[in-house]
Structure formats: C-alpha cells, structure tokens
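Remember, predicted model here, so these are calculated numbers, not experimental data. Sequence positions, counted from 1, serve as the residue numbers for this chain.
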Amino acid sequence: MTDLATANQLFFDPTGMNRNAVEDLVSNALRDADDGELYLEYRQSEGFSFDDGRLKSASFDTTQGFGLRAVVGEATGFAHASDLSERAIRQASNTVKAVQDGHSGVMALPPAGANRALYRDDNPLSEIPFDAKVKALTEIDSYARAKDSRVVQVSVSLAGSWQGVEIIRAGGARAGDIRPLVRLNVSVVVEENGRRESGSHGMGGRTGYDFYLEEDTWKSAVDEAYRQAVVNLSSIAAPAGEMAVVLGPGWPGIILHEAVGHGLEGDFNRKKTSVFSSLIGERVAAPGVTVIDDGTIPNRRGSLSIDDEGTATSSSTLIEDGILKGYMQDRQNARLMGVEPTGNGRRESYAHMPMPRMTNTYMLGGDRDPEEIVKSVKKGIYTANFGGGQVDITSGKFVFSCTEAYLIEDGKLTAPVKGATLIGTGSEALKKVTAIGNDMALDSGIGTCGKGGQSVPVGVGQPTMLIEGLTVGGTA
C-alpha cells in the first residue's frame, strides 16, 4: 500500500499538481454521479528476449497517466490522458459530466480502508544491474543447450514491471498500492530423426528478480521445458471421442478459469448473458467441487492488496460443494445487483475502465490419492499442460488444446499424445467430476487473462480431477 509521501513523489511533486486542487476537481466532476474515481498510474516496465544464443531485444518503458470515471446507473462517462496535470484533469471532467446531465445521484460510500500489503513495494527493476540480468540469460541458454545434443533452439524471456496507483474519490477519500511483477519463461526445441518438438515452462509473481535468477530456480525451469520437449518427441496422434479425462494439478486449472470463472463474473450475470445467471443456490457442479477466487494470497501473480477501484481484495467462495454461492463483483455491478463488491474491479491501465475480473481462481482439493484416480480409469487421457483455449460465456462451451497429455490404458499412463483438444460446456463438465485429488496446487505464476480488450495477470489452480465423458478432439 502507498503512503501519502510515496503517492506525492509519484504523482504530485514531479508534475507540480496541487493535491487539494486535484481533489476539488474530482469532487466537482462527480457531483451528480452515483460513483466514480480518479485513477492515477505510474509504471516502469522492462523486457529481455534471449534467442539463438544472443540477446535479441531489451526494452525499458515508463508510462504515466490518469483515468477519470463517472458512473450513473448502468452508464459510464470516462476520459483518460497521459498528461498528469490539473489542466488535463479539468478537461476530462467536462467529458465525464456529460453522462450526468439530468441526473442527481447520491455518491456511493468509498471502500473501507485496507491496511495490508501482500507483496514488497521496492522496485525489482533497479535491484539487479542490466549486465547481471544478461549474464543470467546467457547462463540459462548455455545450460539448456548442454542438456542434450538434440536441443536445437532455446528461447528465454525475462520481464518485470513496477506499478504505482492512487485512487481519489469525491470528498478526498484515497487509496493506493505499489505493485511489482516479474516473470521468467524458457522454451526448448529438440530434434530427432527429422522431427522437432518443443516444451516450455514459466514462473513469476509479485516479487523481485532475485528468486527467479537463482541458479537452482532457473535450472528447474529449463529442466521442465526440456522434459516436455523430449516427451513430445515420442508422442502419437491423440484419439478422438467421448472418454474419461484426468486433469493434472496446477496449471490445468486454466480450464476452470476459462470455462467456469468468466461465467461467474458479475457483469455477465447482471446482464443475464452467462450460463450461470440466476442460479445462486442451485447445483452447478458435482458434490465436492468448491471453487474459490482469492486475491489475498501473498506474492501471487493474480493477487492485489486493493483492486483498481480501491476495494480490498477478498477470498470469495463461488461454488461450494457443487452449489453456486456468488459472483465476482466490482462496485458498479455489485450496486446494481444489490450485493457487496468483492474486490474484483480490475483494469489493464489508466486508459481502461474497471470491470469484474478474476484474481487467483482455483478448486479446493478432495480426499482421493491422485495415483488411485488414474488407476480407476480403464481408457482415457491424462492432461498435464494446456496451451490456448476459447470459451463462449453465454453457452459456456469451451475448446482447449493440450500441450502435454498421455493415454490412460487399464489404469496406467502409457504413450504421450499430440494434438488433443478438450471440448465441452463448463457447467456440464463440472457436473461430471467423479473424483477430486488431495494434491491441490497453484500454477507457477504465468497466467494472463483477456476480457473486453484488456489483459491482466491472474493465477489458477486445482487438484487432480477426473471428469467422466468429456469430448476429446484428436487426429487418430
């Protein structure tokens, strides 16, 4: 969380803006609105790409700006600019006032204060010198190429950002946050007998670079990427048809995020465009299925001390033992639906309006031994890693591609398969869950979620899970 001195150093002292004058501008701009805020942002970001044995690119960027929003019922007036000045904010206020014509709203109370910090507030970009970062990338590349003569290509990327935000409301209420974010990703391509396959592994979180540039850490990322690539060298064409599917722990929770999570966001349900609309209290999943969205886990990629409206994030139970309990809410949709916001109002940057979004979304573990779950399947597939996917919010239908999967034959994992896709409907798939493992795990910190043209970092997770009768698309 930012203190007043830090906020002044980021937004007021460098720009010459007067805090009292800015607060007066905000109060005047939102005089007849139901809700709204001035969102100030300062961000530093950098990225390194190491490919073909050399540093391919290195970038550094600094951005700053504001977004001013007035909310009137279901309507929103919004203006943004990269110019942090009283003049620009005054011009923006003229824009957002237009949505308030003929309306006399009562400004919603500001969010309660959140006296907590879920992550460090120092700048990871300045902790480690440029040369040290390049040296680490060179060592990662060399280690990967020395793994095996079959390794023909190695790609390594390192990215970090440091974001400061302050949210100012009518009457002078304020909240702020300092947010670090880093990510390391390794991709390895192997070739044997003219066949090329790849594997990749990434990790990250709201921390500094130090952990990820430790030798043991990056070696584990290389080892995992290499392992996946070698496994794929012996993969066979995936079968097609309806069959039992066992999803592994951790990153496979991305299917839960896409196929179910988006359908539980407040805006889709207020507008009744989600398959889960008006089903609070109804069974939407098999017994034992409990789904949580939790933005309060320290240092996780999807966590936030406060959301982008200033509301403290929370741990929200969305589905409990198969029964739908609630939705993820920002302030606008919560007010229109007569419920409390859950701290899920998120935006990509100052140039975007907030909307209800996931943070870290995961399924709780059960009581089954993962090995016993696999042994219980006579014929099916086991999925360990996923690539891209698509979901239709209205119907809940999804399609996901598997980047690492195996046949299950008579209770044993046998040949790896390539080209497998999972096809189904989120709500129906959850009803077909017949076994939940005791090995719940969160992903390694690589998730990015897109919605409405905005991208935000997220986390996912789940235990090993058996779904009976899921459609598998394949080429065999």
Side-chain angles (χ1 to χ4, degrees), residues 197-202 224-225 227-261 286 289 291 361-363 365-366 368-391 397-426 428-430 432-444 446-447 460-476:
E197 296 291 349
S198 64
S200 64
H201 186 69
E224 175 60 17
R227 184 197 65 79
Q228 290 181 31
V230 171
V231 164
N232 287 331
L233 275 177
S234 59
S235 62
I236 63 175
E242 188 174 290
M243 64 188 74
V245 174
V246 178
L247 303 175
W251 177 244
I254 188 64
I255 195 170
L256 183 77
H257 169 103
E258 293 288 359
V260 179
V289 173
V291 179
T361 310
Y362 57 91
M363 180 189 296
R368 294 287 300 276
D369 181 274
E371 291 186 5
E372 292 299 321
I373 292 177
V374 173
K375 288 179 181 178
S376 71
V377 177
K378 183 172 180 60
K379 182 180 180 182
I381 68 166
Y382 177 90
T383 62
N385 279 294
F386 284 95
Q390 298 181 25
V391 62
K397 292 182 179 179
F398 63 81
V399 178
F400 277 90
S401 60
C402 306
T403 56
E404 182 185 1
Y406 303 83
L407 292 178
I408 304 177
E409 298 175 296
D410 294 324
K412 297 180 180 180
L413 298 186
T414 58
V417 296
K418 183 178 181 180
T421 58
L422 302 186
I423 304 167
T425 302
E428 293 304 314
L430 285 187
K432 295 178 179 180
V433 173
T434 58
I436 302 172
N438 58 11
D439 58 343
M440 199 289 286
L442 297 173
D443 76 291
S444 57
I446 59 174
V460 300
Q462 69 169 47
T464 296
M465 176 172 58
L466 171 60
I467 302 178
E468 296 283 0
L470 196 60
T471 299
V472 177
T475 57

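Listed by chain and number, the residues in a side chain to side chain contact (heavy atoms under 4.5 Å, CB included) with Gln390 amount to none (sequence neighbours excluded). When the side chain to side chain donor-acceptor pair (under 3.5 Å) test is applied to Glu409, the partners found at least two apart in sequence or on another chain are Thr414.
One distance of note links CG of Asp439 with CE of Met465; it measures 11.0 Å at 0.5 Å rounding. The structure places OG1 of Thr403 at 11.0 Å from CD of Glu197, a figure rounded to the nearest 0.5 Å. Interatomic distance, Lys418 NZ to Cys402 SG, rounded to the nearest 0.5 Å: 13.5 Å. Distance check: Ser401 OG to Ile423 CD1 gives 11.0 Å after rounding to the nearest 0.5 Å. The CD1 atom of Ile373 lies 8.0 Å from the OG1 atom of Thr434; values are rounded to the nearest 0.5 Å.
The aromatic rings of Phe400 and Phe386 stand perpendicular to each other, their planes meeting at an angle above 60°, with 30° marking the opposite boundary.
Annotation for Gly253 and Gln462: closest pair CA-OE1, 3.4 Å, computed over non-hydrogen atoms. Across Gly202 and Ser444, no two heavy atoms sit closer than the pair O-OG, 2.5 Å. The two residues Ile436 and Gly366 have their closest heavy-atom pair at CG2-N, 3.3 Å. Between Gln228 and Gly199 the shortest heavy-atom distance is CB-CA, 3.9 Å. For the pair Pro416 and Tyr406, the tightest heavy-atom approach, listed with the atom from each and the gap, is CA-CD2, 3.7 Å.
The side-chain heavy atoms of Asn438 and Pro463, taken from C-beta on, include no pair separated by under 4.5 Å. Looking at heavy atoms from C-beta onward, Leu413 lies in side-chain contact with Ile408 at the 4.5 angstrom threshold. Lys397 places none of its side-chain heavy atoms less than 4.5 Å from the side chain of Val391. Residues Thr464 and Val374 fail the side-chain proximity criterion, which asks for heavy atoms closer than 4.5 Å. Side-chain contact between Ile381 and Leu407 is present, with heavy atoms from C-beta onward closer than 4.5 Å. Residues Met363 and Leu430 form a side-chain contact, since some pair of their non-hydrogen atoms from C-beta on lies under 4.5 Å apart.
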Go through the steps for Leu470 and Leu422 under the test side chain to side chain contact (heavy atoms under 4.5 Å, CB included), then give the verdict. CA-CA 7 Å; Leu470 196 60; Leu422 302 186; 4.2 Å; yes

May I have the step-by-step check of side chain to side chain contact (heavy atoms under 4.5 Å, CB included) for Met440 and Tyr362, ending in yes or no? CA-CA 9 Å; Met440 199 289 286; Tyr362 57 91; 4.0 Å; yes

Donor-acceptor contacts under 3.5 Å from residues 235-250 side chains, at least two apart:
| from | atom 1 | to | atom 2 | distance (Å) |
| --- | --- | --- | --- | --- |
| Ser235 | OG | Arg195 | NH2 | 2.8 |
| Ser235 | OG | Asn232 | O | 2.7 |

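Annotation for Lys432: atom NZ counts as buried by contact number, over 12 foreign heavy atoms lying within 6.0 Å.
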